Amino acid sequence: MDAEAKKRERPRGEHRTSAANRQKILEATLQVAQEYGYQGTTIPRVSLKAQLPTGSVYWHFESKDILFASLMDQSREWLEGFHRKRRPLAGETTRQHLERIYCSAPENEALITQDFWRLGVILSVDQSVREQISRQRFLDLRKAVMDEYTAWYRQTLPADVQTRCPDRAFQMGKFTLVCADGNLIMNASGDHLPGYLRMAGISLIALAEAAPGTF
């Protein structure tokens, strides 16, 4: 083993709980961002919140950009599980599907994705943000979510409606994401709309069943 390799080698047992520490850092990042905002989220603050040395944070994430990109990657995995439970069931109509996941869902379900999605929105719209990798990860994630919503409507909208209105599934998917964005931004500002999910579900059902040419 040459001298450089020996220099890089870590002592036996060091970072034995690296997977646990990595998760601890990601969770601390969300907590810090909730308290200080995106610009106020720094590696030292994350280190303090995670109760780990700053060097441990840098050992897992070489920069703030990589830290937030990893947070977006983890969020993608979480969203996949979240959406898997909300996809249309076999034979469900659009109305039945939307009533199940919106009108009959617990009120707090509208807030589940608030923290990491809010960070992603800031990454995508704030021109002062330097983090390019994490911004692109969020934009990719956002497209995947819109594709997910569009797939719902392609599965549940009647074939004759999709024949006469070939863009309706895509428009509905995009509007579903617009509704989620607006609700999350409002909640991030400290306000909220009681009954949002039910109201969104009723609105989406009306749009899905609207006559051709309505929009």
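Please read all numbers here as calculations on a predicted model, not as lab measurements.
Every residue meeting the side-chain hydrogen bond (donor to acceptor under 3.5 Å, both in side chains) condition with Thr156, not counting sequence neighbours, appears here in chain and number order: Thr94. For Tyr149, the ring-ring contact (aromatic ring centres under 6.0 Å, His included) test picks out His83, Trp152, with sequence neighbours left out.
The distance from atom CG of Leu79 to atom CD of Gln74, rounded to the nearest 0.5 Å, is 11.0 Å. Within the model, atoms CG of Asp65 and CD of Gln132 stand 7.5 Å from one another, a figure rounded to the nearest 0.5 Å. The CG atom of Asp191 lies 10.0 Å from the CG atom of Asn183; values are rounded to the nearest 0.5 Å.
The minimum heavy-atom distance between Ser56 and Asn21, with the atom names listed, is OG-ND2, 4.3 Å.
With hydrogens and angles left out, the side-chain atoms of Glu27 and Gln23 include a donor and acceptor closer than 3.5 Å.
Between Tyr196 and Cys179 there is a side-chain heavy-atom pair separated by less than 4.5 Å. Under the 4.5 Å side-chain criterion, counting only non-hydrogen atoms from C-beta, Trp59 is in contact with Ser18. Contact of the Leu26 side chain with the Leu67 side chain is registered, since non-hydrogen atoms from C-beta on lie closer than 4.5 Å. For the pair Phe61/Thr29, no side-chain contact is recorded, criterion being any heavy-atom separation below 4.5 Å from C-beta on. A 4.5 Å side-chain heavy-atom check between Arg135 and Leu139 finds at least one atom pair inside the cut-off. Side-chain contact check for Ile25 versus Arg22: every heavy-atom pair is 4.5 Å or farther apart.
In Arg142, the CZ atom is crowded: over 12 heavy atoms of neighbouring residues, nucleotides or ligands sit closer than 6.0 Å.
Judged as a side chain to side chain donor-acceptor pair (under 3.5 Å), the pairs with a partner in residues 161-173 (not counting sequence neighbours) are, in order, Asp160-Arg164. For residues 147-158, the salt bridge (Lys or Arg N to Asp or Glu O under 4.0 Å) pairs, not counting sequence neighbours, are Arg87-Glu148, Lys143-Asp147. Every pair tested for ring pair (Phe, Tyr, Trp, His ring centres under 6.0 Å) that includes a residue from residues 153-182 fails, sequence neighbours excluded, so the list is empty.
Ion pair Glu80/Arg84 flagged as a salt bridge, since at least one NZ, NE, NH1 or NH2 atom sits closer than 4.0 Å to an Asp/Glu carboxylate oxygen.
Of the possible polar contacts, one joining the His97 side chain to the Arg86 backbone as a donor-acceptor pair under 3.5 Å is found. For the pair Lys64 (side chain) and Thr41 (backbone), a donor-acceptor distance under 3.5 Å is present. Formation of a donor-acceptor pair under 3.5 Å by the Thr150 side chain with backbone atoms of Met146 is found in this model. Judged by distance alone, with hydrogens and angles left aside, the side-chain atoms of Arg137 form no donor-acceptor pair with the main-chain N or O of Asp73 at under 3.5 Å.
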Compile the donor-acceptor pairs under 3.5 Å between side chains in residues 201-215 and protein atoms, sequence neighbours left out, one pair per line.
| unit_1 | atom_1 | unit_2 | atom_2 | d |
| --- | --- | --- | --- | --- |
| Ser203 | OG | Met199 | O | 2.9 |
| Glu209 | OE1 | Arg95 | NH2 | 3.0 |
| Glu209 | OE2 | Arg95 | NE | 3.0 |
| Thr214 | OG1 | Ala211 | N | 3.4 |
| Thr214 | OG1 | Ala211 | O | 2.6 |

